[in-house]
Amino acid sequence: MKSTRLSSILVTLLLAASPLLAGPPKDFTLPAVKGGSEFKLSAAKGSYVALHFLLKTECPFCLRHTHTYLTRMGELPNVKQVFIKPDSVEDLQKWAKDMPDNSPIYRDADATLAKAYGIPDGYKFHGETVHFPALVLLDPSGKEVFRYVGESNRERYSFDDLKKKIAELKK
C-alpha cells in the first residue's frame with residue numbers, strides 16, 4: 001500500500017514538473033498590444049532578444065521601466081526589446097495608452113510564457129498573486145544567456161546594466 005501511494009505521489013510530481021523539464025519553448029508568438037504586429041521568436045533570429053516579464057496590473061515601475069527602454073532602445077540596435085504582460089486586452093490597452101504606437105508590448109495570456117521560462121510566481125501585488133518582474137536575455141541563436149529576477153516590483157534590470165551585459169557577451 002505504501003509503495004502504491006509513493007508511486008502515485010511521484011507520478012503527480014513528475015506530471016507537475018514536466019513543463020519545467022521541457023524547458024522554454026524553441027519558438028513562440030505573442031500578440032501585439034499597441035498597433036504593431038505580433039512577435040515571433042523565430043523571426044528575431046540573428047538578434048539578441050530581451051524578454052521583459054512585467055507585472056500584472058498598472059504597475060508604475062513597469063511603466064517607468066518600459067518608457068526608459070523605449071526611449072533608449074536605439075542604443076542597442078541588435079537587441080529586440082519585448083515587453084510582456086499577462087493582463088486582459090482591455091487592461092493592456094489602458095496601460096499602454098501613453099506609449100508610442102508600435103511599442104514592442106505583447107500579451108502573455110495567463111502568464112503562459114512566464115511559466116514556460118520558469119519565472120517564479122507568488123509575488124503579492126495589488127491583491128493578486130503574480131510572477132516576479134524578470135528579464136530573460138536570449139542570444140542571436142535563441143539560447144538563454146542571462147536572467148535577472150527582481151524580488152519586488154521596484155527591482156528591474158536597468159538599461160545601462162543591459163548595455164554592459166550585451167557588450168560583455170559580445171567579447
Side-chain angles (χ1 to χ4, degrees), residues 19-20 24-45 47-138 142 144-166:
L20 297 175
K26 301 261 186 260
D27 197 14
F28 60 85
T29 302
L30 295 170
V33 170
K34 186 111 177 160
S37 58
E38 64 188 14
F39 175 81
K40 187 169 177 95
L41 181 61
S42 59
K45 290 276 190 223
S47 296
Y48 283 92
V49 176
L51 301 173
H52 301 267
F53 291 95
L54 304 176
L55 295 177
K56 189 172 169 49
T57 72
E58 289 194 35
C59 170
F61 297 101
C62 292
L63 280 168
R64 189 172 327 130
H65 173 81
T66 305
H67 272 292
T68 299
Y69 272 81
L70 291 176
T71 303
R72 298 186 61 195
M73 66 186 192
E75 297 173 39
L76 290 171
N78 197 34
V79 180
K80 304 279 186 211
Q81 305 292 337
V82 180
F83 299 92
I84 306 165
K85 288 183 66 71
D87 300 283
S88 70
V89 172
E90 297 79 23
D91 286 344
L92 274 167
Q93 288 173 344
K94 281 188 250 177
W95 182 84
K97 72 182 182 315
D98 295 327
M99 301 286 183
D101 287 339
N102 297 324
S103 294
I105 302 168
Y106 303 91
R107 181 168 184 246
D108 179 20
D110 302 318
T112 303
L113 189 62
K115 291 172 191 165
Y117 272 94
I119 305 301
D121 64 7
Y123 181 67
K124 304 289 186 206
F125 186 72
H126 288 255
E128 295 186 62
T129 301
V130 297
H131 62 269
F132 287 78
L135 167 86
V136 173
L137 183 63
L138 308 176
E144 183 177 327
V145 291
F146 178 75
R147 168 183 294 245
Y148 173 84
V149 178
E151 292 184 16
S152 78
N153 63 327
R154 295 173 189 236
E155 292 185 14
R156 307 297 168 144
Y157 201 70
S158 77
F159 187 87
D160 289 329
D161 287 341
L162 181 60
K163 254 179 106 166
K164 289 177 196 167
K165 178 57 72 180
I166 295 291

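Predicted model only: the values in this text are computed from it and were never measured.
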Original post:
Checking side chain to side chain contact (heavy atoms under 4.5 Å, CB included) for the pair Glu155/Tyr148: CA distance, chi angles, key distance, verdict?
Top reply: CA-CA 10 Å; Glu155 292 185 14; Tyr148 173 84; 3.6 Å; yes
**OP:** List the steps and the verdict of side chain to side chain contact (heavy atoms under 4.5 Å, CB included) for Arg156 and Leu54.
**Re:** CA-CA 9 Å; Arg156 307 297 168 144; Leu54 304 176; 3.5 Å; yes
Subject >> Trace of the side chain to side chain contact (heavy atoms under 4.5 Å, CB included) decision for Lys163 with Arg72 >> reply: CA-CA 10 Å; Lys163 254 179 106 166; Arg72 298 186 61 195; 4.3 Å; yes
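Within the 3.5 Å criterion, the main-chain N or O of Val149 finds no donor-acceptor partner in the side chain of Tyr157. Counting only distance, with no hydrogens or angles, the side chain of Asp108 and the backbone of Ile84 share no donor-acceptor pair below 3.5 Å. Side-chain atoms of Lys85 come within 3.5 Å of backbone atoms of Leu55 as a donor-acceptor pair (strictly under, hydrogens ignored).
Ring orientation note: the planes of Tyr69 and Phe83 are nearly perpendicular, at an angle over 60° on the 30°/60° scale. Ring geometry, His131 versus Phe53: the interplanar angle exceeds 60°, so the pair is classed perpendicular (tilted spans 30 to 60°).
Between Ile119 and Phe132, the shortest heavy-atom distance links the atoms CG2-O, 3.4 Å. Residue Tyr106 comes nearest to Ala32 through the heavy atom pair CD2-CA, 3.6 Å, listed as atom of the first residue, atom of the second, then distance. The two atoms that bring Gln81 and Pro104 nearest to each other are O-CB, 3.0 Å, heavy atoms only. Residues Ala44 and Lys80 approach most closely at CB-CG, 4.2 Å, considering heavy atoms. The two residues Met99 and Ile105 come nearest to each other via the heavy atoms CG-CD1, 3.7 Å.
With contacts defined as side-chain heavy-atom distances shorter than 4.5 Å, the pair Pro25/Leu113 qualifies.
Taking OH from Tyr117 and CZ from Arg147, the interatomic distance works out to 9.0 Å, rounded to the nearest 0.5 Å.
Under the side chain to side chain contact (heavy atoms under 4.5 Å, CB included) rule, Leu138 has a single partner from Leu51, Val145, Val82, which is Leu51.
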